[in-house]
Amino acid sequence: MSCRRLLAFVALRPFRVDRAYAAGSLWPVNDEDRAHGNLRSALWRLNRVDVHLLSADKHGLIVHDDVVVDLHAVSAWATRVIEHTAAQDELRSAPPGLEALELLPGWYDDWALMERERVRQRLLHALDSQSQQLRLMGCHAEALDVAMAAVSAEPLRESAQRTLLLAHLAAGNWVEGRRGLEMYARLLERELGVEPAPDLTDLLWDGGDARSGGRGERNASRQG
């Protein structure tokens with residue numbers, strides 16, 4: 001397990017990791033010599049494997065150049081999507097590496113928890129952006145698929161629910177949009193005791209105006 005933790009700790013970082021930093025993070029004991037001893041022991045056991053994964057010197061650690069870390073590929077994809085530099089074919093493809101939304105499940109070290117949350121937020125942001133760009137391209141089915149993946153990953157995330165609602169409305173699915181918003185409202189009430197943001201609710205009626213007289217229906221219901 002110490003080898004797995006060391007390999008994951010180094011592989012998560014796209015740069016050389018200082019040995020002292022790795023030892024202190026992986027073995028946070030009040031004994032620096034013992035932490036460094038644990039690091040040397042883990043490196044020795046890891047180097048006995050026929051496949052060489054880490055390169056180590058007296059100063060730092062890094063994965064070998066010929067080792068592909070899937071998380072780095074997924075992070076690069078997320079960056080391209082968020083910065084609107086992804087090609088259309090890439091946008092229309094299924095989002096890669098969604099399993100990274102639950103990075104290192106069952107690991108509860110502080111460094112693993114922090115990296116899991118960082119990657120999760122980055123990928124959720126990318127999914128929102130991907131769905132929005134697909135919607136503007138007129139790719140409504142793909143936009144809905146991506147938006148639903150984001151909502152499934154984090155149902156309470158307002159930006160994901162907003163993206164899903166806009167995707168429904170752009171596809172002409174006013175009823176589906178309303179149903180989704182009502183489900184979100186019930187979830188918020190049950191989990192947090194709050195209501196959806198007013199501007200989120202307004203999106204439904206504004207988007208439904210041309211399709212089914214949404215604003216008029218809302219005003220009539222209020223007057224009733």
Looking at side-chain heavy atoms only, is the closest gap between [X] and [Y] below 4.5 Å?
| X | Y | answer |
| --- | --- | --- |
| Met148 | Leu164 | yes |
| Arg16 | Asp57 | yes |
| Trp174 | Arg179 | no |
| Tyr184 | Val151 | no |
| His84 | Ser129 | yes |
| His36 | Trp27 | no |
| Leu53 | Val49 | no |
| Leu43 | Leu61 | yes |

Please find the pair of heavy atoms, one from [X] and one from [Y], that lie closest to each other, and give the distance.
| X | Y | value |
| --- | --- | --- |
| Ala126 | Val81 | O-CG1, 3.4 Å |
| Ala11 | Val63 | CA-CG1, 3.8 Å |
| His64 | His52 | CD2-O, 3.1 Å |
| His140 | Ala171 | CB-CB, 3.8 Å |
| Cys3 | Ala42 | SG-O, 3.5 Å |
| Trp111 | Ser25 | CD1-O, 3.9 Å |

Starting from [Y], can I reach [X] by hopping between I/L/V/M/F/W/Y residues whose side chains sit under 4.5 Å apart?
| X | Y | answer |
| --- | --- | --- |
| Val194 | Leu187 | yes |
| Leu188 | Leu204 | yes |
| Leu200 | Leu192 | yes |
| Leu144 | Leu124 | no |
| Val17 | Leu113 | no |

Please round to the nearest 0.5 Å and tell me the distance separating atom [atom1] of [X] and atom [atom2] of [Y].
| X | Y | atom1 | atom2 | result |
| --- | --- | --- | --- | --- |
| Gln161 | Leu166 | CD | CG | 11.5 Å |
| Asp109 | Met114 | CG | CE | 12.5 Å |
| Asp66 | Ser55 | CG | OG | 10.5 Å |
| Gln132 | Ser159 | CD | OG | 8.0 Å |
| Leu91 | Leu136 | CG | CG | 11.0 Å |
| Arg45 | Leu6 | CZ | CG | 10.0 Å |

Under 4.0 Å between a Lys/Arg side-chain N and an Asp/Glu carboxylate O for [X] and [Y]?
| X | Y | result |
| --- | --- | --- |
| Asp128 | Arg162 | no |
| Glu142 | Arg135 | no |
| Glu102 | Arg116 | no |
| Arg186 | Glu189 | no |
| Glu115 | Arg13 | no |

Pair Ser75, Arg122: side-chain N/O donor-acceptor within cut-off below 3.5 Å
no
Ignoring hydrogens and angles, state whether a donor on the side chain of Arg157 or Gln121 is under 3.5 Å from an acceptor on the partner side chain.
yes
Is [X] atom [atom1] crowded by more than 12 heavy atoms from other residues, nucleotides or ligands, each under 6.0 Å away?
| X | atom1 | answer |
| --- | --- | --- |
| Glu117 | CD | yes |
| Glu32 | CD | no |
| Arg92 | CZ | no |
| Gln88 | CD | no |
| His125 | NE2 | no |
| Met183 | CE | no |
| Asp65 | CG | no |

Could you walk me through whether Arg178 and Val175 pass side-chain contact (heavy atoms from CB on, under 4.5 Å), step by step?
CA-CA 5 Å; Arg178 178 173 180 172; Val175 173; 5.7 Å; no
With side-chain contact (heavy atoms from CB on, under 4.5 Å) as the test, would you mind laying out the steps for Leu123 and Trp77 before giving the verdict?
CA-CA 9 Å; Leu123 291 184; Trp77 168 84; 4.3 Å; yes
Show, in sequence, the C-alpha distance, side-chain angles and deciding distance for Leu203 and Leu181, and conclude whether the side-chain contact (heavy atoms from CB on, under 4.5 Å) test is met.
CA-CA 10 Å; Leu203 280 177; Leu181 184 59; over 6 Å; no
Phe9 vs Tyr21 aromatic rings, parallel, tilted or perpendicular, using cut-offs 30° and 60°?
tilted
Evaluation steps, side-chain contact (heavy atoms from CB on, under 4.5 Å), between His59 and Arg19
CA-CA 6 Å; His59 298 297; Arg19 290 180 70 116; 5.8 Å; no
